There are 2 protein chains.
Amino acid sequence: MAGVSIASASRVLNGHGASVETERRVREAAASVGYVPNAVARSLQAQRTDMLALAVEDIGNPVYVAMMRAIEEVAAGAGYRLQVHATGADVAGEVELLDGLARRYVDGLVISPIRITDAHLAALARVPTPVVVVGSLPDDMPTTKPIDNVRADSHTGVGLAIDHLVAGGRRRIGFVNGPLDTVPGAARQAGYLDALDAAGLPFDPELVEPADFHYAAGRAATRRLLDRAEPDAILCANDLIAVGALHALLAAGKRVGEEVALVGMDDTDLAEMSFPQLSSVSLGSAERGRLAAELLLARLAEPGRPAQRVTVAPTLVVRASSDTAAKQENP
Amino acid sequence: MAGVSIASASRVLNGHGASVETERRVREAAASVGYVPNAVARSLQAQRTDMLALAVEDIGNPVYVAMMRAIEEVAAGAGYRLQVHATGADVAGEVELLDGLARRYVDGLVISPIRITDAHLAALARVPTPVVVVGSLPDDMPTTKPIDNVRADSHTGVGLAIDHLVAGGRRRIGFVNGPLDTVPGAARQAGYLDALDAAGLPFDPELVEPADFHYAAGRAATRRLLDRAEPDAILCANDLIAVGALHALLAAGKRVGEEVALVGMDDTDLAEMSFPQLSSVSLGSAERGRLAAELLLARLAEPGRPAQRVTVAPTLVVRASSDTAAKQENP
DNA sequence: ATGAAAGCGCTAACAC
DNA sequence: GTGTTAGCGCTTTCAT
């Protein structure tokens with residue numbers, strides 16, 4: 001403290017107008033002592049932490065990595081820092097996290113639960129802090145709290161893939177899905193059945209094999225599928241599964257893209273980095289992350305605004321794994 | 001407030017001993033009002049935030065993903081939350097982050113700069129908060145602040161790969177490296193030269209091609225390499241480059257693992273998910289992350305302890321891309 | 001323009 | 001065991 005009141009110092013440091021002389025003295029003193037304001041004290045007074053949180057099942061999954069990257073970018077751009085939580089898809093943990101928001105250690109949360117239970121909904125109904133959910137919230141959400149919601153459209157996405165495969169002459173389209181009791185697993189299953197139906201193709205249970213959303217499971221499931229059926233195409237519920245499927249197919253000596261077409265979902269970096277490169281349905285993970293972050297910032301700026309529900313349209317990215325023409329010059 | 005003093009309430013809620021009656025009344029009141037303590041206020045008083053930060057170039061790079069996962073796990077296990085920062089390898093930004101620690105919004109930082117400049121060292125010398133650096137700090141670090149340091153041993157790692165390739169009969173070993181002005185790039189280059197030397201192999205500049213540490217660059221660089229030379233093996237400075245190289249090789253019709261052996265570095269998930277699966281030198285990214293987090297926690301517990309410098313030993317994981325025998329039944 | 005003082009929500013001494 | 005009080009470091013009325 002060199003000369004002026006503590007209040008004046010605060011004013012100068014926050015650019016709230018002070019005389020030239022005061023300003024000089026304060027800055028000088030601050031520089032000489034190496035003064036840096038304490039963020040925690042400031043947060044306590046300001047009632048905001050300038051921090052956002054992201055909770056996903058696994059911060060190593062490429063889909064969430066893409067989402068996290070996008071969110072971090074938006075957050076950093078707006079002066080917010082990002083806190084990450086790996087939930088391991090544990091419901092109790094997710095609910096605890098939601099309830100923990102009452103401690104006010106972050107200003108807002110983006111959460112992408114792989115399953116959405118009643119416990120989640122109950123917790124969401126009592127959070128005191130803005131939350132945006134990535135994933136499909138039930139339509140009959142109680143409107144006590146405005147919870148913003150960003151969703152993918154897997155159902156349509158699966159349709160895009162099936163239509164593409166059918167157009168390429170494929171008729172026996174296998175499907176390696178994730179767990180049916182997850183939000184994406186259920187949606188993709190429904191999409192598969194509806195798309196077959198729309199294409200006039202019969203449903204053959206032999207062609208469907210459940211897995212979980214990871215590489216090893218995808219590979220094992222595809223191996224089982226190949227053992228008992230002869231698909232001329234395989235659709236996978238995400239890229240991790242698809243890469244597993246690719247291995248199973250290659251190991252079985254199949255020419256991927258010709259004998260058997262392969263399509264993944266999420267269009268992660270993996271799709272481009274496989275050989276042959278994988279066709280994949282983009283569900284816009286980065287885009288969803290970006291939107292989620294923006295919705296959160298918007299609500300922070302205007303807490304009273306009505307709850308938004310935005311859906312990102314899927315797009316199909318065709319690459320060599322399902323495109324005989326491209327195969328020649330792959331990738 | 002129902003009945004007792006504010007201090008008693010605090011005691012009950014923190015389990016600091018109170019009479020049965022007081023305890024009951026406090027808990028009851030707290031429950032009925034839905035009271036939750038404010039983390040920011042608590043932090044201000046406790047002078048700690050229970051939060052750690054991680055700063056890496058790109059939170060989407062598989063190496064850093066593995067590191068982040070490990071750190072998040074250790075941090076969460078010890079009751080700390082994790083904040084992530086993507087620096088984009090921007091020196092000014094990294095220094096700003098380091099200086100920002102004086103704001104005390106986190107209790108400690110793990111930073112993994114891809115380049116370490118004098119500005120970094122200067123900033124490190126004045127941080128008021130524990131920092132552990134992942135990557136090689138100069139040996140003549142001023143010891144004013146105890147900065148813990150976790151390092152990989154790329155030099156030895158490259159040697160492992162070269163020895164393995166030589167043992168497999170390879171003689172013309174190409175090398176696709178990252179930028180030479182980065183810490184890992186420089187170390188790997190030196191390792192390559194020394195290993196060739198130790199193996200009695202001549203150095204042929206034609207066999208070395210620079211790239212940056214990403215897929216596309218790796219693929220392009222490998223293409224250039226193949227245009228002018230005929231390597232019987234290629235070592236890549238990381239797995240991203242190696243996957244790019246794999247594509248270039250396959251697209252050129254090379255039988256990978258036979259005609260040309262391929263070895264990556266970092267042993268990320270990508271190595272296992274490629275086909276053929278990639279041999280890769282593990283530099284222990286997850287392990288380094290774990291160690292970094294543990295060193296940070298240890299210093300938080302005992303600020304005065306001497307600076308630690310730990311090096312994680314590399315290991316070679318041999319897979320089909322460099323092993324003809326395995327190739328048969330790959331993967 | 002500046003200083004005094006209150007207060008953000010909490011915990012820890014220090015009496016009683 | 002419990003209440004009173006000070007204080008963590010800051011911003012912001014409110015006077016002057």
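Predicted model, so just to flag it, every value in this text is computed and none were measured. Residue numbers start from 1 in every chain, and the chains themselves are labelled A, B, ... in the order their sequence lines are given, proteins ahead of strands.
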(request) Answer yes or no: is there an ion pair linking A:Arg290 with A:Glu287, defined by an N-O contact shorter than 4.0 Å? (result) yes

(request) Identify whether the distance between the nearest side-chain nitrogen and carboxylate oxygen of A:Asp148 and A:Arg309 falls below 4.0 Å. (result) no

(request) Consider the side chain of A:Ser10, meaning its heavy atoms from C-beta on, and name the nucleotide among C:dC10, D:dT11, D:dC8 that approaches it most closely. (result) D:dT11

(request) Measure from the side chain of B:Arg11, starting at C-beta and using heavy atoms only, and say which of C:dC14, C:dG9, C:dG3 lies closest. (result) C:dC14

(message) Can you tell me which nucleotide in C:dC10, C:dG3, D:dC10 comes closest to the side chain of A:Ser5?
(response) C:dG3

(message) Whole angstroms only, please: what is the CZ-C1' distance between A:Arg103 and C:dT11?
(response) 14 Å

(request) Give a yes/no answer on whether the side chain of B:Tyr35 brings an N or O atom under 4.0 Å of OP1 or OP2 in C:dC10. (result) yes

(request) Assign A:Val36 to base, sugar-phosphate, or nothing according to its heavy-atom contacts below 4.0 angstrom with the strands shown. (result) sugar-phosphate

(message) Once you apply a heavy-atom cut-off of 4.0 Å, does B:Thr22 come out as touching a base, just sugar-phosphate, or nothing?
(response) sugar-phosphate

(request) May I have the distance from B:Leu13 (atom CG) to D:dG1 (atom C1'), rounded to whole angstrom? (result) 17 Å

(request) Ignoring the backbone of A:Ala41, work out which of D:dG9, D:dG3, C:dG3 is nearest its side chain. (result) D:dG9

(request) Take the protein atom CG of B:Leu44 and the nucleotide atom P of C:dC10, then report the distance between them rounded to whole Å. (result) 12 Å

(message) With a 4.0 Å cutoff (strictly under), does any side-chain N or O of B:Ser19 reach OP1 or OP2 of D:dT2?
(response) yes

(message) Rounding to an integer number of Å, can you tell me how far B:Asp107 CG sits from D:dC8 P?
(response) 19 Å

(message) As a test of reading the structure: which of C:dA5, C:dG9, D:dG1 is closest to the side chain of B:Gln45, going by heavy atoms?
(response) C:dG9

(message) Between B:Glu73 and B:Arg69, does any NZ, NE, NH1 or NH2 come within less than 4.0 Å of an OD or OE carboxylate oxygen?
(response) no

(message) Looking only at side-chain N and O atoms, does B:Thr87 offer a donor or acceptor that is under 3.5 Å from a partner on B:Glu57?
(response) no

(message) Quick check for you: among D:dG3, C:dC10, D:dC10, whose closest atom lies nearest to any side-chain atom of A:Pro37?
(response) D:dC10

(message) Measuring from the side chain of A:Gln47 (C-beta onward, heavy atoms only), which nucleotide among C:dT2, C:dC8, D:dT4 has the closest atom?
(response) C:dC8

(request) Nearest whole angstrom, please: distance from the P of D:dT13 to the CG of A:Asn14. (result) 13 Å

(request) Kindly compute the distance separating CG (A:Leu13) from CD (A:Glu23), expressed to the nearest 0.5 Å. (result) 9.0 Å

(message) Taking 4.0 Å as the cut-off, does a side-chain nitrogen or oxygen of B:Asn38 come that near to OP1 or OP2 on C:dC8?
(response) no

(request) Quickly work out the B:Arg25 CZ to D:dG1 C1' distance and round it to whole Å. (result) 13 Å

(message) Distance check needed: C:dA13 P versus B:Ile6 CD1, whole Å only.
(response) 17 Å

(request) Would you kindly give the NE2-to-P distance between A:His16 and D:dT11, to the nearest whole Å? (result) 8 Å

